[in-house]
Amino acid sequence: MTITEVQNKDYPVLKKLFLEERKRTFSWLDTSDYQLDDFEKQTQGEYIMAAFIDDIPVGFISIWMPNNFIHHLFIAEKHQGKNIGTALLKTAIQKTAFPITLKCLVNNKKAVEFYKRKGFIEKSKGESDSGTYILFELTKEIV
């Protein structure tokens, strides 16, 4: 596996991955409005790195660099549980500065547990159109 900055040629695969994984992950929401073009809309202006296996993107992380804010972290379902998310987080940490923050919906229990295991601390909770979210903060290297 390699992790590198995303290039335009990677977008078709990442757009599909983003659409499929959002629909699967946010199963409690109405995802009928999700579109392939959401990837470009939701990551515009962000720094994006992807994990590649055999030159095919299998996951990505997008960061809003001015605030060191992780906006998205998605791994294709068949590649989950293989430390790809951890590797992407570690790479993101090298590109940003502490504290690093992110928001995670409370109902996304798998992701909430992942971030807690990695050392993210719950700073607050808030409400969004998609439900209650946790604002997480990371102030040190992850485990």
Side-chain angles (χ1 to χ4, degrees), residues 1-80 82-116 118-142:
M1 178 187 68
T2 58
I3 296 176
T4 59
E5 189 172 341
V6 168
Q7 298 177 10
N8 286 340
K9 68 178 178 58
D10 305 316
Y11 274 51
V13 174
L14 289 172
K15 287 166 69 166
K16 187 176 178 197
L17 184 155
F18 187 55
L19 178 61
E20 290 173 355
E21 291 307 315
R22 285 173 66 222
K23 285 184 172 185
R24 193 184 57 73
T25 300
F26 304 119
S27 58
W28 67 92
L29 297 174
D30 177 8
T31 60
S32 61
D33 288 340
Y34 290 7
Q35 304 291 322
L36 272 176
D37 291 342
D38 291 346
F39 177 77
E40 289 159 306
K41 291 175 186 171
Q42 291 202 24
T43 61
Q44 186 175 3
E46 295 180 350
Y47 182 71
I48 309 168
M49 292 178 292
F52 295 83
I53 296 176
D54 298 327
D55 293 323
I56 298 169
V58 297
F60 75 93
I61 190 166
S62 70
I63 308 158
W64 180 249
M65 296 300 277
N67 295 43
N68 298 314
F69 180 81
I70 296 172
H71 190 200
H72 296 290
L73 174 59
F74 284 94
I75 311 300
E77 183 177 24
K78 74 178 190 174
H79 293 284
Q80 292 178 7
K82 300 177 182 176
N83 291 317
I84 295 170
T86 301
L88 282 166
L89 273 177
K90 286 182 177 181
T91 304
I93 288 168
Q94 295 170 0
K95 303 283 184 185
T96 59
F98 293 114
I100 298 169
T101 58
L102 63 87
K103 292 178 182 176
C104 186
L105 292 173
V106 170
N107 284 344
N108 191 354
K109 295 179 188 334
K110 188 175 178 181
V112 168
E113 289 308 311
F114 171 79
Y115 292 122
K116 286 181 177 179
K118 299 303 163 192
F120 282 81
I121 305 298
E122 183 178 322
K123 297 302 286 183
S124 63
K125 286 187 177 175
E127 293 297 324
S128 72
D129 291 342
S130 301
T132 304
Y133 66 83
I134 300 169
L135 175 64
F136 279 112
E137 183 180 76
L138 183 69
T139 58
K140 59 183 175 21
E141 296 294 321
I142 65 170

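Along the sequence shown, the residues carry numbers beginning at 1.
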**Report entry** side chain to side chain contact (heavy atoms under 4.5 Å, CB included) evaluation trace for Leu89 with Ile70
**Finding:** CA-CA 9 Å; Leu89 273 177; Ile70 296 172; 3.5 Å; yes
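- Counting heavy-atom neighbours within 6.0 Å of Lys23 NZ, excluding the residue itself, gives a total above 12.
- Using a 4.5 Å cut-off on side-chain heavy atoms (C-beta onward), Glu122 and Leu135 make no contact.
- Summarising the geometry of Ile84 relative to Ala51, their closest heavy-atom pair is CG2-CB, 3.5 Å, with the distance given to 0.1 Å.
- Atom CG of residue Leu102 and atom CG of residue Leu138 lie 8.5 Å apart, to the nearest 0.5 angstrom.
- Test Phe60, Phe26, Tyr11, Tyr34 against Phe18 for ring-ring contact (aromatic ring centres under 6.0 Å, His included) and you get one pass: Phe60.
- Side chains of Phe136 and Lys123 form no contact here, defined as non-hydrogen atoms less than 4.5 Å apart.
- Residues Val112 and Ile134 form a side-chain contact, since some pair of their non-hydrogen atoms from C-beta on lies under 4.5 Å apart.
- Panel note: side chain Asn108, backbone Leu105; no donor-acceptor pair is recorded below 3.5 Å.
- Distance check, rounded to the nearest 0.5 Å: CG of Asn107 to SG of Cys104 gives 10.0 Å.
- Sparse packing is recorded around CD of Gln44, with 12 or fewer heavy atoms of other residues, nucleotides or ligands lying under 6.0 Å away.
- Across all non-hydrogen atoms, the minimal contact from Ser130 to Trp28 is O-NE1, 3.9 Å.
- Just one residue in the list Glu40, Gln35, Glu20 forms a side chain to side chain donor-acceptor pair (under 3.5 Å) with Lys15, and that residue is Glu40.
- Residues Pro57 and Val13 come closest through the heavy atom pair O-CG1, 3.7 Å.
- In this structure, a donor-acceptor pair under 3.5 Å is present between the side chains of Lys110 and Gln80.
- Of the options Leu14, Leu88, Leu17, a side-chain contact (heavy atoms from CB on, under 4.5 Å) to Phe74 is made by Leu17 and by none of the others.
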Requested in this report: Take Gln42 and Arg22 through the test side chain to side chain contact (heavy atoms under 4.5 Å, CB included) and record every step on the way to the result.
Outcome: CA-CA 12 Å; Gln42 291 202 24; Arg22 285 173 66 222; 3.3 Å; yes
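- In this structure, the side chain of Thr43 does not engage the main chain of Glu46 through any donor-acceptor pair within 3.5 Å.
- Put simply, the side chain of Phe98 reaches to within 4.5 Å of the side chain of Ile100, judged on heavy atoms.
- To the nearest 0.5 Å, atom CG of residue Leu19 and atom CZ of residue Arg24 are 12.5 Å apart.
- What you find for Gly85 and Leu73 is that their closest heavy atoms are O-CD2, 4.3 Å.
- Residues Ser62 and Tyr47 are not in side-chain contact: their nearest non-hydrogen atoms beyond the backbone lie 4.5 Å or more apart.
- No hydrogens or angles considered: nothing links the side chains of Glu137 and Thr101 as a donor-acceptor pair under 3.5 Å.
- Not one N or O on the side chain of Asn67 forms a donor-acceptor pair closer than 3.5 Å with the backbone of Phe69.
- A donor-acceptor pair under 3.5 Å links the side-chain atoms of Glu21 to the main chain of Glu77, judged by distance alone.
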Query raised in the report: Should Met49 and Thr4 be marked as a side chain to side chain contact (heavy atoms under 4.5 Å, CB included) after you check the CA-CA gap, both sets of side-chain angles, and the distance that decides it?
Result: CA-CA 5 Å; Met49 292 178 292; Thr4 59; over 6 Å; no
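- For Asn68 (side chain) and Ala97 (main-chain N/O), a donor-acceptor pair under 3.5 Å exists by modelled atom type.
- Within the 4.5 Å cutoff, the side chain of Ile142 has heavy atoms near those of the Ile93 side chain.
- Across every non-hydrogen atom of Trp64 and Gly45, the tightest pair is CZ3-O, 3.5 Å.
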